[in-house]
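All values reported here derive from a predicted model rather than from experimental measurement. Just follow the structure's listing: the first ligand is 1, and inside any ligand the first atom is 1.
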Amino acid sequence: MKIISNPRELKNYLKEQKGSVGFVPTMGALHDGHISLIKNARTQNDIVVVSIFVNPTQFLAGEDLEKYPRKDESDKKICQISGVDVLFFPQVEDMYTDDEVRVVAPNVRGYTLEGHSRPGHFNGVLTVVMKLLNIVSPTRAYFGKKDAQQLNLITLMVKQMFMSVEIVAVDTVREKDGLALSSRNVYLTQEQRKEALKISSSLYLASNLIKQGVVDVEEIKTQMRKHLEPLEIVYVEILNRDFEYIKEVEVAKSIVLVEAIVGTTRLLDNLWV
Ligand code: AMP
């Protein structure tokens, strides 16, 4: 496995390679969710590139940028074992200068839900993804459905900016008890981890209600909110797959999303129903 930190060097190296390139951008502290993206990339492409970069521009002031988990050495081993060909490991100064062009998330979709509680977060996400896609020029790029709004915005950006990359959405990987894997789960105490299970079980509750024929969005949201008590709910929402608000669930065309704060940790989850 080649490890490259300089964007130009990576660009030049990849120019010399033949075949399709699958790209998996991450912020490191790799878990089975990331590994699932890598496996998908491995089976569908000749060359697999993974990036590990904790992107400062997507963190708001006062967020966990400084204490975001970093596991550089074990991440390198995981990439090697998973058959990654190139690990892109840039420093902040390799990726950003002081004053530069930024990508701005669209007004509505970029500032609702996660974008409402973290205004500007998606500008940082789209900016770094644009940079990474331009450096790697992959055939396919892999993103988790776990971050559904991010996936939706990246898909929009690629389409609206006429970029030539196929965005592949990968299912959320969960612990056996339902908790969605996240690098931020390491912040949870044992007690908080138990409380956090309410997030995934509220999604299963919604899914069961829908299977029983309940389609009224407000009714499902009310039951979910009750189920989530006493967690601090940031949002409970049911949208169509284009992230538009709906009054009634359309089966196999909707997403149920939850964000809640457990202790001081912000946890996101969703289910495509
Ligand atoms: P992150 O390192 O948290 O920025 O995530 C990098 C990529 O992994 C993103 O596309 C995430 O959506 C995806 N990802 C994170 N958690 C999971 C999970 N539990 N299952 C599948 N993909 C995930």
Checklist entry - Hey, does the Lys NZ or Arg CZ of Lys2 hover above the aromatic six-ring of Phe88, less than 6.0 Å from the centre and inside 45° of the axis? => result no
Checklist entry - Does Lys131 make a cation-pi contact with Phe53 (under 6.0 Å, within 45 degrees of the axis)? => result no
Checklist entry - Charged N to carboxylate O under 4.0 angstrom, Asp64 versus Arg184? => result yes
Checklist entry - Is the shortest side-chain N to carboxylate O distance from Lys221 to Asp216 below 4.0 Å? => result no
Would you tabulate the polar-atom pairs, meaning N/O of ligand 1 against N/O of the protein, with distances under 3.5 Å, reported to 0.1 Å?
from: ligand 1; atom 1: 2 (O); to: Met27; atom 2: N; distance (Å): 2.9
from: ligand 1; atom 1: 2 (O); to: His34; atom 2: NE2; distance (Å): 2.9
from: ligand 1; atom 1: 5 (O); to: His34; atom 2: NE2; distance (Å): 3.4
from: ligand 1; atom 1: 10 (O); to: Gly144; atom 2: N; distance (Å): 2.9
from: ligand 1; atom 1: 12 (O); to: Gly144; atom 2: N; distance (Å): 3.2
from: ligand 1; atom 1: 12 (O); to: Gly144; atom 2: O; distance (Å): 3.4
from: ligand 1; atom 1: 12 (O); to: Asp147; atom 2: OD2; distance (Å): 2.6
from: ligand 1; atom 1: 16 (N); to: Leu181; atom 2: O; distance (Å): 3.4
from: ligand 1; atom 1: 19 (N); to: Val173; atom 2: O; distance (Å): 3.0
from: ligand 1; atom 1: 19 (N); to: Leu181; atom 2: O; distance (Å): 2.9
from: ligand 1; atom 1: 20 (N); to: Val173; atom 2: N; distance (Å): 2.9

Next on the checklist: Tell me if a side-chain donor or acceptor on Asn6 pairs with a main-chain N or O of Glu9 at a distance below 3.5 Å.
Outcome noted: yes
Item to check | Electrostatic pair Arg118-Glu63, nearest N-O below 4.0 angstrom | outcome: yes
